[in-house]
Asks: 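The structure follows.
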Amino acid sequence: QKEVEQNSGPLSVPEGAIASLNCTYSDRGSQSFFWYRQYSGKSPELIMFIYSNGDKEDGRFTAQLNKASQYVSLLIRDSQPSDSATYLCAVSEEYGNKLVFGAGTILRVKS
Amino acid sequence: EAGVAQSPRYKIIEKRQSVAFWCNPISGHATLYWYQQILGQGPKLLIQFQNNGVVDDSQLPKDRFSAERLKGVDSTLKIQPAKLEDSAVYLCASSLVGGGPNEQFFGPGTRLTVL
């Protein structure tokens, strides 16, 4: 059973701080890693994906991947109240787009 | 560009009844997915179509769930008979092709409540 583990939170950070979200996965064959944001009552929307070890930056977001440790993280700089949502980590095998999602981490940014 | 469309948005039924959900993917997207998201959990893939063929249905409870994608465009997901544990949001997603880290675009979902 392929698993993706996330701390359910809630993770509370003050406005302007860095939010750090973490995810571990069980399948060493996983090749692609995704972070989705889901507002309450809404559907998931892709923030970014990463498939190489190291860091990938997109605006205020940085994804970090360590395949040896089977660990992926998302950093949100200058957190805003509008970032308050559930962040879902998802992984997929190299071939095919089947995604396995974690349960998500609730992030609350306090103004 | 129009997004993924789903209907109905909400459905309330009693256990043992049947229900069907409809999805229209983004135009040109060959791959279509149905996910089940139970409250407090991440989405779980039920079935993946590539055009009108099934790629993966390993987590679809086939004794009660069925899905089809006629003509490789619209898709329907049916539950018959429904159980209390089927209460969830059913999300449809689509992507350009299966294979590789292509972005999946999600529809608004159908919230099913089974009483």
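Just so we're on the same page: letters track the sequence lines, and every chain starts at 1. Being a predicted model, the structure only gives us computed values, none of them experimental.
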Asks: Tell me whether B:Leu115 at atom CG has more than 12 heavy atoms from other residues, nucleotides or ligands lying less than 6.0 Å away.
Replies: yes
Asks: Under 6.0 Å from the NZ atom of B:Lys11, do we count more than 12 heavy atoms belonging to anything else shown?
Replies: no
Asks: Heavy atoms only: give me the nearest B:Leu45-A:Leu99 pair and the separation to one decimal.
Replies: CB-O, 4.5 Å
Asks: Same cluster or not: are A:Tyr87 and A:Leu46 linked, directly or through other Ile, Leu, Val, Met, Phe, Trp or Tyr residues, by side-chain heavy atoms under 4.5 angstrom apart?
Replies: no
Asks: Against chain A, label B:Pro43 side chain, backbone, both or neither, depending on which of its atoms sit under 4.5 Å from a heavy atom there.
Replies: both
Asks: Are any of the side-chain heavy atoms of B:Gln104 and A:Tyr36 separated by less than 4.5 Å?
Replies: yes
Asks: Are more than 12 heavy atoms from other residues, nucleotides or ligands located less than 6.0 Å from atom NZ of B:Lys71?
Replies: no
Asks: Transitively linked via ILVMFWY side-chain contacts under 4.5 Å: A:Val91 with A:Leu65?
Replies: yes
Asks: Let me check something: do A:Trp35 and A:Phe101 share a hydrophobic cluster, defined by ILVMFWY side-chain heavy atoms less than 4.5 Å apart, either directly or through other members?
Replies: no
Asks: Between A:Pro44, A:Cys89, A:Ala90, A:Gly102, which shows the greatest number of heavy-atom pairs under 4.5 Å with chain B?
Replies: A:Pro44
Asks: Got B:Val4 and A:Ser43 here, is their nearest side-chain heavy-atom distance under 4.5 Å?
Replies: no
Asks: Side chain, backbone, both or neither: which part of B:Gln59 has an atom under 4.5 Å from a heavy atom of chain A?
Replies: side chain
Asks: Which region of A:Glu45, side chain (C-beta onward) or backbone (N, CA, C, O), has a non-hydrogen atom less than 4.5 Å from a non-hydrogen atom of chain B, or is it both or neither?
Replies: neither
Asks: Does atom OH of A:Tyr71 have more than 12 heavy-atom neighbours from other groups under 6.0 Å away?
Replies: yes
Asks: To the nearest 0.5 angstrom, please state how far the CD atom of A:Gln38 sits from the CZ atom of B:Phe106.
Replies: 8.5 Å
Asks: B:Arg111 and A:Gly41: which non-hydrogen atoms are nearest, and at how many Å?
Replies: NH2-CA, 4.3 Å
